[in-house]
There are 2 protein chains.
Amino acid sequence: MDLAEAHIRKAGYGGFSFRDLAAEVGIKSASVHHHFPTKASMAAAVARRYRDRFFAAVARQPNESPEDAIATYRAAFRAALDQDGRMCLFGVLGAEAGVLSPELAEEIQSFFRRCIADLSQRIGGPAAEARAFHVMATLEGGMMLASAYRSIEAFDQAAASLTT
Amino acid sequence: MDLAEAHIRKAGYGGFSFRDLAAEVGIKSASVHHHFPTKASMAAAVARRYRDRFFAAVARQPNESPEDAIATYRAAFRAALDQDGRMCLFGVLGAEAGVLSPELAEEIQSFFRRCIADLSQRIGGPAAEARAFHVMATLEGGMMLASAYRSIEAFDQAAASLTT
DNA sequence: GTCTATAATTTGATAGAC
DNA sequence: GTCTATCAAATTATAGAC
């Protein structure tokens, strides 16, 4: 699953194959099928694991200000980029959502809905939801720019103004 | 090229094949190879055409304010989304830039460099470049969110606050 | 849990006729 | 410019032995 995640984040859903994963682990592709019946089911499992890790990382802090919440999200995205220089898993999959399996498409939409709902609540106020959309778009887009530029500075420049 | 562009914007580089394109046009895949020697060369040609169309659409207006320039970019992204509900070509490809051909990777980076340079100049002032990065990230991320949500409202919410 | 073996399909690409 | 024919490789997936 670690390898599958790395491949998806680097090259999208089509960027990993059971054979490649198996070879890198040192087993055969049939053995991978023993754990995940289909490619779509494995991608969905990887997505669920990524989602759980992500929401654990952005968990609400005590006595948190709206600016703190946004900074927490930004730091989580930045850490993912800093560790391995790769895109957000859901950012990659979201871009090709049009042709993925229904199970996976639902997983993607559900991730972003949960991000927006969580951020909106923690930001509060009248324009909270619009600001939540803005924050998520900027962070995802910033990761994409950093991926294209191969430089984390692109992310930092894009996301700097999110907090006042 | 129209069909190739549609497929890439919906599903990424791996989302189109010469056979599929040929079948949709009513010819054979060998005939497509007559026009484009390789898949990478065709994708690069599609990217160049998209780039030229994009920069024509965001051309500088006379007596333009910084807010006007940003609004022009936002309108161009929104129009692409509104017409066919698909991602920005370079947004999709940028997310999977890690495994594309060098020719294509260079085309992607060059597109974003040109966007940032153009926007920076039209915005002006001390923090112009950072604001240009911010605008591009928000627009690309907003398209991705709209793609995942299958709703243009996600884009509008994300990009509303870009202009004052 | 892992293997061998294999099926069925798709893919990118080429040679050469018309 | 388009075709037929074909290749070599890769892909997803399954059956059944160990």
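Order of the sequence lines fixes the chain letters, A, B, ..., with proteins taken first and strands second; residue numbering starts at 1 for each chain. For clarity, every value in this text was computed on a predicted model and none was experimentally measured. Because only heavy atoms are used, hydrogens play no part in the values below, and waters and symmetry mates are left out as well, while side chains stay in.
Taking atom NE2 on B:His35 and atom C1' on D:dG1, their separation rounds to 6 Å, with Å as the unit. Following rounding to the nearest Å, A:Lys28 (NZ) and D:dA13 (P) show an atom-to-atom distance of 19 Å.
Legend: side chain to side chain donor-acceptor pair (under 3.5 Å) pairs involving residues 22-31 of chain B, not counting sequence neighbours, sorted by first then second residue: B:His7-B:Glu24.
The pair A:Arg122-A:Glu64 counts as a salt bridge, with a side-chain nitrogen and a carboxylate oxygen less than 4.0 angstrom apart.
The side chain of B:Ser31 contributes an N or O atom lying less than 4.0 Å from OP1 or OP2 of D:dC3. Neither OP1 nor OP2 of D:dT2 sits under 4.0 Å from any side-chain N or O of B:His34.
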Which pairs would a plain distance check flag for residues 103-114 of chain A, meaning a side-chain donor or acceptor within less than 3.5 Å of a matching protein atom at least two apart in sequence or in another chain?
residue	atom	partner	partner atom	Å
A:Glu106	OE2	A:Arg113	NH2	3.1
A:Glu107	OE1	A:Arg48	NH1	3.4
A:Glu107	OE2	A:Arg51	NH1	3.1
A:Gln109	OE1	A:Arg113	NH1	2.8
A:Gln109	NE2	B:Ala148	O	3.3

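For A:Arg60, the side-chain hydrogen bond (donor to acceptor under 3.5 Å, both in side chains) criterion is met by no residue, not counting sequence neighbours. Not counting sequence neighbours, A:Gln61 has no partner by the side-chain hydrogen bond (donor to acceptor under 3.5 Å, both in side chains) test. With sequence neighbours left out, A:Asp82 forms a salt bridge (charged side-chain N to carboxylate O under 4.0 Å, His left out) with no residue at all.
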Protein-proximity profile, nucleotides 5-18 of chain C, B/S/- by nucleotide at the 4.0 Å heavy-atom cutoff, equals -B----BBBBB---

